[in-house]
There are 2 protein chains.
Amino acid sequence: MSARASSPPGNDSADYPPASAAAAMAGRDVERLRMWLRILDISNLVQRDIRAHLRAGFNVTLPRFDLMAALDRAGPEGMTMGQLSRRLRVSGGNVTAVVDRLEREGAVTRRSPPEDRRTHFIALTEEGRRQFLAMAEAHLGWIDGLFAGLSPSEVGTLTGLLDKARRSAAERAAEEAPKDGAKDGRKGGRDG
Amino acid sequence: MSARASSPPGNDSADYPPASAAAAMAGRDVERLRMWLRILDISNLVQRDIRAHLRAGFNVTLPRFDLMAALDRAGPEGMTMGQLSRRLRVSGGNVTAVVDRLEREGAVTRRSPPEDRRTHFIALTEEGRRQFLAMAEAHLGWIDGLFAGLSPSEVGTLTGLLDKARRSAAERAAEEAPKDGAKDGRKGGRDG
DNA sequence: TGAAAATATTTTAAGCTTAAAATATTTTCG
DNA sequence: CGAAAATATTTTAAGCTTAAAATATTTTCA
């Protein structure tokens, strides 16, 4: 859950910028902020709904579902902890914790190849994959249902503009945080 | 941070539906799912950036910023714990925890009116409000920067479509979870 | 070879989050 | 009045999350 996120929150519509902060905003362009708050609202709303469905229908949390999705995509060999960390964009410690629980539940296995005992390959068990496929199918239905109020053409327009917005934000966030100064985009990380 | 959320994750663009789940998705419409994943991506990306800025520039977390924003909006009397819980759409226990920390830091005060000692009004201290205004000003600038790649007209179109998407999701999420069966939309809650 | 550096993961400390149980207080109503 | 219900908040148990420190193992290279 968590409706959190840098919001003059509780927004069901207009009233931005927030009351007292209004003074500080005087004369500033607020349209991009307004747009962002819509994105945030939808994101929170949909995530809340999906989490509730996952819990009620499958007794699974979103982090576990996401991790299983990555493993499903990876195929039978699975992925290493480091690969999962990068793919999911979460910390290594986080992957350790979530994998621990999935392993305890029998949804994934950990195995270390003899040639490098530092690393661990995580893979879905048969049961884990079966569970995931059922969840993925249901998930698609939930999303379709939530956005049923948009026509196919509206969905297309929105997706296109969102792509542009994403590129804008990704570029600018990246240049703020140079991280690594790496040459070609592969290095400095942890494994591959 | 957390890039989490019901995603065939790690998406920088296409490759949905995810590999093995593809079988389950056969013949299903995937456009709305694709759109949702764009929203999710942007939301995670921007929140990550904002959190980093808030921490680096103000040594503050997003939940604390959000709570302070609500209080700023509320004016000098502040808000009760229950009002904060509903406004921020988080649990009561959560509000207790975040307020505890803000209080410890001197950003907010708790006071209980004599006529109802169950309740507590939380308000920004002078220092808390000063801090918040500086953060809100910076926040607006970060958002403007991230979405600078969109023209004003694109921002307008996007905001309009997002509004429609939000209404769609909100309506459908609401009818799934009837919660209260209340008659006219005000009741059954906790306070006002 | 063998010490230093690099890599891969786990552990730890702290904070956010929820649902459910526990407390405290006020309101209702027999 | 006084017990039961309602209301407001805090506490608890569990899980997610991160950054930073600690471990374990492999690679580099003098």
Side-chain angles (χ1 to χ4, degrees), chain A residues 1-6 44 47-48 51-52 54-56 59-67 79-86 88-105 110-122 179-180 186-192, chain B residues 1-6 44 47-48 51-52 54-56 59-67 79-86 88-105 110-122 180 187-192:
Chain A
M1 322 310 165
S2 135
R4 303 262 168 219
S6 71
N44 288 332
Q47 285 195 47
R48 208 173 1 253
R51 280 176 205 269
L54 281 176
R55 181 143 63 105
N59 193 35
V60 161
T61 64
L62 201 39
R64 291 176 208 189
F65 176 68
D66 286 346
L67 200 147
M79 302 170 73
T80 68
M81 298 297 283
Q83 288 171 334
L84 281 166
S85 172
R86 284 187 296 286
L88 301 173
R89 292 191 261 194
V90 298
S91 69
N94 184 352
V95 176
T96 297
V98 177
V99 166
D100 280 351
R101 293 179 196 109
L102 285 172
E103 191 179 25
R104 167 156 51 76
E105 292 165 5
R110 259 191 181 97
R111 69 192 164 69
S112 211
E115 70 276 14
D116 188 343
R117 301 202 319 269
R118 289 171 305 182
T119 209
H120 293 284
F121 283 87
I122 314 304
K179 270 194 189 270
D180 199 41
R186 163 68 88 114
K187 233 223 73 177
R190 265 178 177 132
D191 87 24
Chain B
M1 320 321 162
S2 129
R4 301 269 167 213
S6 70
N44 288 331
Q47 286 194 46
R48 205 167 11 247
R51 280 176 204 267
L54 281 176
R55 178 142 64 105
N59 193 35
V60 160
T61 63
L62 200 40
R64 290 178 208 189
F65 176 68
D66 286 347
L67 199 148
M79 302 170 72
T80 68
M81 299 296 283
Q83 288 170 335
L84 281 166
S85 172
R86 283 186 297 284
L88 300 173
R89 289 190 265 192
V90 299
S91 69
N94 184 353
V95 175
T96 296
V98 176
V99 165
D100 281 351
R101 293 179 196 110
L102 285 171
E103 190 180 26
R104 166 155 53 75
E105 291 165 7
R110 258 192 182 96
R111 71 192 163 66
S112 212
E115 71 276 14
D116 188 343
R117 300 202 318 271
R118 289 171 305 181
T119 209
H120 293 285
F121 281 89
I122 314 303
D180 199 40
K187 237 223 68 180
R190 264 179 175 128
D191 86 25

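By convention in this document, chain letters (A, B, ...) are assigned in the order of the sequence lines, proteins followed by strands, and residues within each chain are numbered from 1. Please read these numbers as outputs of a predicted model, since none were measured by experiment.
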* To do: Figure out the CE/C1' separation between B/Met79 and D/dT9, and round it to whole Å.
  => 15 Å

* Does any nucleotide pair with C/dG2 by Watson-Crick or G-U wobble geometry, both distances under 3.5 Å, and what is it? -> D/dC29

* Measure from the side-chain N and O atoms of A/Ser85 to the backbone N and O of A/Val90, and report whether any donor-acceptor pair falls under 3.5 Å. => yes

* Once you apply the 3.5 Å cut-off to both distances, tell me the Watson-Crick or G-U wobble partner of D/dT7, or none. => C/dA24

* Asked: What distance separates A/Glu115 CD from A/Arg117 CZ, expressed to the nearest 0.5 Å?
  -> 11.0 Å

* Over how many whole Å does the gap from B/Asp116 atom CG to C/dT27 atom C1' extend? -> 10 Å

* To the nearest 0.5 Å, tell me how far A/Asp66 CG sits from A/Arg89 CZ. => 11.5 Å

* To do: Send over the distance from B/Leu62 CG to D/dT18 P, rounded to a whole Å.
  => 14 Å

* Distance in angstrom units between A/Leu102 CG and D/dG15 P, rounded -> 12 Å

Distances under 3.5 Å between protein N/O atoms and the N/O atoms of nucleotides 10-14 of chain D, please, pair by pair.
from: D/dT10; atom 1: OP1; to: B/Arg110; atom 2: NE; distance (Å): 3.2
from: D/dT10; atom 1: OP1; to: B/Arg110; atom 2: NH2; distance (Å): 3.3
from: D/dT10; atom 1: OP2; to: B/Thr96; atom 2: OG1; distance (Å): 2.8

* Asked: Looking at side-chain heavy atoms only, is the closest gap between A/Leu67 and A/Arg64 below 4.5 Å?
  -> no

* Asked: OP1 or OP2 of D/dA8 sitting under 4.0 Å from any side-chain N/O of B/Thr80?
  -> no

* Asked: Starting at CG of A/Leu67 and ending at C1' of D/dG15, how long is that distance when rounded to a whole Å?
  -> 14 Å

* Write down the distance between CZ (A/Arg117) and C1' (D/dT27), rounded to a whole number of angstrom. => 15 Å

* To do: Using a 4.5 Å cut-off on heavy atoms from C-beta on, say whether the side chain of A/Met81 contacts that of A/Thr119.
  => no

* Position toward the 5' end of DNA chain D (nearest nucleotide), A/Arg118 or A/Thr61 -> A/Thr61

* Would you say the side chain of A/Asp100 lies within less than 4.5 Å of the side chain of A/Arg110, judging by non-hydrogen atoms? -> yes

* Nearest whole angstrom, please: distance from the P of C/dT7 to the CD of A/Glu115. => 18 Å

* Closest-nucleotide 5' rank along DNA chain D - winner of A/Pro113 and A/Arg104 -> A/Arg104

* Asked: Looking only at heavy atoms, what is the nearest atom pair of B/Phe65 and B/Val60, with distance?
  -> N-CG1, 3.9 Å

* Can you tell me how far P of C/dT17 sits from CZ of A/Arg55, to the nearest Å? -> 16 Å

* Would one find a side-chain N or O of B/Thr119 under 4.0 angstrom from OP1 or OP2 of D/dT7? -> no

